[in-house]
J.: 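I'd like to ask you about the structure that follows.
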Amino acid sequence: MKEKLKYERPIITKINAGVTDKFGMRPKMPAIKEIDGVPVDTIIEKYGSPTFVISEKTIRDTLKEAKRAFTTRYPKVKFAWSYKTNYLNAVCKIFHDEGSWAEVVSGFEYDKALANGVPGNQIIFNGPDKSKEDLIKAAENGSYIHIDHFDELYDIISISETTTKRPKVAIRVNMDTGIYPQWDRFGFNYENGEAWNALNRIMMSDKLELTGLHTHIGTYMMTPEPYAVAASKLAELAVRLERKFNHKIKYIDMGGGFASKNTLKGAYLPGKDTFPGFDKYAEAVSNALINSELDPNEMPVLFLETGRALIDDAGYITGSVLANKRLANGRRSMIIDTGVNMLFTSFWYEHEIYPAKDVSSHAEDTTIYGPLCMNIDVIRSAVKFPLLQKGDKYVIKRTGAYNMTQWMQFITLRPKIILIDTQGNTHVIRENETNESLTSHEKVPEHLNKPKK
Amino acid sequence: MTIRKNIAVSESGFVFDPDNGDSYTLNETGKLIIDMLAEGKTEKEIKNYFTEHYDVDEGTLENNFNDFIIMLKNFNLTENE
Amino acid sequence: MKPKYTIAVTGLNNTDNPGPGVPVIRSLREAKSFDVRIIGLVYENLEPGIYMKNVADKVYQIPYPSSGSDELMQRIAYINDKENLDVLIPNFDAELFTFMKGEKQLKASGINTFLPTIEQFEERHKSELPKFGKKYGFDIPFSKPVANLSDINSIRNEFDFPVLVKGKFYDAYLAYNTSQIIEYFNKISAKWGVPVIIQEFIKGTEVNVSALGDGKGNTIGAVPMRKQYITDKGKAWGGITIGDKNLQDITQKLISKTKWRGGMELEIIKTHENKYYIIEINPRIPAWIYLATGAGQNIPEALVNMAVGKHVEPFKNYDTGKMFIRYSYDIIGDISQFEKLSVTGELEL
């Protein structure tokens, strides 16, 4: 029998003469047919549609790249994995295996880190919410407690009366780094002297050990200069501590906030073009510390808690097209099986979505909706997208940060998360939800359980 | 279902509507349908041709074909019947 | 014998808000030191320069920078395969970042550019201008970047009305009250993203300088102009070269301190007290560049010679009192040209 011709859905597209067409001339969209050598078809066949996919290789490669950028410029560098960015145990363990400490912001995350085998003295405890019990536990384990406000400082001073170990503390400092908006809700302010005041309070108490200084200047920072400003200000505080109390701090923790390659909504250029790269951040921070008045023979360890930039690229969603539809005005809409409940970051990113098979250069201006029966469930509001059919597969890139911690069960059940190891083997690292797993937490009062008459 | 007589379709898949000055592009399968409609082929004949020559099942074709016709109507490229 | 260069130029949108492409090309065609084949690179199929006689020899459509540098570079590589480009002159602010990032890659495939560095480009951004003024010692109007509507209220006390509301790349509106700021914020952010810049409005005469730096601190050319007639979009429709020595000094100081590389346009307000405020630094040749050519400084020619690695002597003088008068003019095109460009993305002229 004669082989049949390759079929493509027939389309007719209006040419916008002269009017600024946001898309311009665009070459055909490339296909993502496999992830780390595993075909997308195989993933969906084996684990269902949709499936979250994490690449172990990308995690390790990205962390190595970040380490290289910093360690070639500064003598002592340490990374602490930001649990809230992605606290799947398998993911955390990859970071710990690469030598990262744990950076946690709640009692829940703290216990998770311990359970992942992280020794107490390799946990940094941040955030505004630490209970007295949390603080006692952290103090006894020799963890590094980063104090957020005076109430917490007083709590620690009071528990230090009874703990067997001297609590190891640092303060979080907020400051003007020339960026807008300035994050001033966390930590003690530098400019108005609050940070210096807190440091004095700690030094006056012989029950606390001041180990470091911490800051976290913002999120999705596209330019490295503010980090240089922040590093100089922390170095200045460290030098003042040395002069007044003859006390050397052990580390400076620059927090995180590095951008990833995702494109923020409202940005003109794509994130993959504007991402400055780890080298630029490293250059800014290292230069500022090295050029400060810190004693060059005893430089503090530089800690980094970057989360997003280390994990975003390692996450993918593979899934299928549910339907194509014409909206009343003739515009094409495509419904896929990933909704905003799973892809939380679609509220602020223009996520890149690709077909999983080769397509022609023809494309239509398309709105991509998720499967939820909710008007807000929009994955991309306007994208020139190739002509996929119902059942065709797609891949969404850069979904590794925050989605697997901020997602919620809503209307449908959450899917499996799999890991592709460095050998190309696949492993389920979080099972999909079932009705049973979900309702196991529910209780129905007796009077509602009576059999129907 | 017929395409308006004064609609010009070039070999490259460029469509020009002289009534309002609008222009459009077609992909290969879109052009084929327009050409066959212009030759006076019926919907059934066109669909048969597609299922015979192209790697497509009837259901998908039916769906896509209807969508394409809706777009032609939407752009006022068909005769009012 | 004169060399012949194949030069790709963007910005053929010679509309009432013109890109610099057509005047750049006219200057290149008048160059004494070389001959040219001009490749027009266009984003849209109705950019007038496509259809004008003796502008481009061939035109290619290219994807917008917003679709990603990989896509744009792939397209340039395709064009280079066919045309063997010697020099590329980008003329839009919005595309410069992408071309600066791709500079090495372009060079490796034989395409020369003469662009500012990313650092130079970044530090003169409208939102960074006050910092720039502080660093290098220039007077800059007070300005603040605004990322969302709620920020507008929090900075209201820092300004007197009217204020200028400006987009990251283009567009500027004068607002007399908060509700106008909000209106323009929405308008501009929808098109060019955030931040939107709120800038103090300085009263005075606006003067512009078109200049070229060699990247080592030397000013190769500098021609000041005062706008004589401005359209409702704030674009010059007529202008005259002027001899204000202070403008030369400011330009030379700026180029020498920043070691500016490539073309630039300074927008300066001269107040009645004879103070000079820099209100904008555009990192490329302006649309009125043909006036500089007419006044004796062919800046695009000098830029191309520097791009191909030739030594270029600075221009010593220019004629004051040279004027440019823009006009509109209808040319006749045919749907077949439009079809060719729309369907194939290329058009031989």
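Lettering of chains follows the sequences in order, A, B, ..., and the numbering in each one begins at 1. The analysis underlying the following values was restricted to heavy atoms, covering all of them including side chains, and did not include hydrogens, waters or symmetry mates.
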J.: How about A:Lys57: does its NZ atom have over 12 heavy atoms from other parts shown lying under 6.0 Å from it?
T.: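 At most 12 heavy atoms, drawn from other residues, nucleotides or ligands, come within 6.0 Å of this atom.
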J.: Picking from A:Pro270, A:Pro30, A:Gly178, which has the most non-hydrogen pairs under 4.5 angstrom with chain C?
T.: A:Pro270
J.: Supply the atom-to-atom distance A:Leu269 CG to C:Thr98 OG1, rounded to the nearest 0.5 angstrom.
T.: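 Rounded to the nearest 0.5 Å, the CG-OG1 separation comes to 5.0 Å.
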J.: More than 12 heavy atoms of other residues, nucleotides or ligands under 6.0 Å from CG of A:Asn329: is that the case?
T.: yes
J.: Using non-hydrogen atoms and a 4.5 Å limit, figure out which bit of C:Ser69 sits close to chain A: side chain, backbone, both or neither.
T.: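 C:Ser69 touches chain A through backbone and side-chain heavy atoms alike.
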J.: In Å and rounded to the nearest 0.5 Å, what is the NZ to OG distance from A:Lys384 to C:Ser67?
T.: 11.5 Å
J.: Drop me the distance from A:Glu225's CD to C:Lys131's NZ, to the nearest 0.5 angstrom.
T.: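 One finds 7.0 Å between CD of A:Glu225 and NZ of C:Lys131.
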J.: With a 6.0 Å cut-off (strictly less than), is the heavy-atom count around CG of C:Asp81, excluding the residue itself, greater than 12?
T.: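 Buried by this count: over 12 neighbours within 6.0 Å.
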J.: In terms of heavy-atom proximity below 4.5 Å to chain C, should A:Thr274 be classed as side chain, backbone, both, or neither?
T.: both
J.: Can you tell me which portion of C:Ala94 sits under 4.5 Å from chain A's heavy atoms? Options are side chain, backbone, both or neither.
T.: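 Answer is both: backbone and side chain atoms of C:Ala94 are under 4.5 Å from chain A.
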J.: Looking at A:Lys272, I'd like to know if its NZ atom is crowded, meaning that more than 12 non-hydrogen atoms belonging to other residues, nucleotides or ligands lie closer than 6.0 Å.
T.: yes
J.: Quick one: does any side-chain atom of C:Lys101 pair with a main-chain N or O of A:Asp273 as donor and acceptor, under 3.5 Å?
T.: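 Indeed, once roles are kept as given, a pair shorter than 3.5 Å links the two residues.
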J.: Give, as side chain, backbone, both or neither, the part of C:Tyr60 having an atom under 4.5 angstrom from any heavy atom of chain A.
T.: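 Neither part, no heavy atoms under 4.5 Å.
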J.: How about C:Tyr64 and A:Tyr268: do any of their side-chain heavy atoms sit closer than 4.5 Å?
T.: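 In contact.
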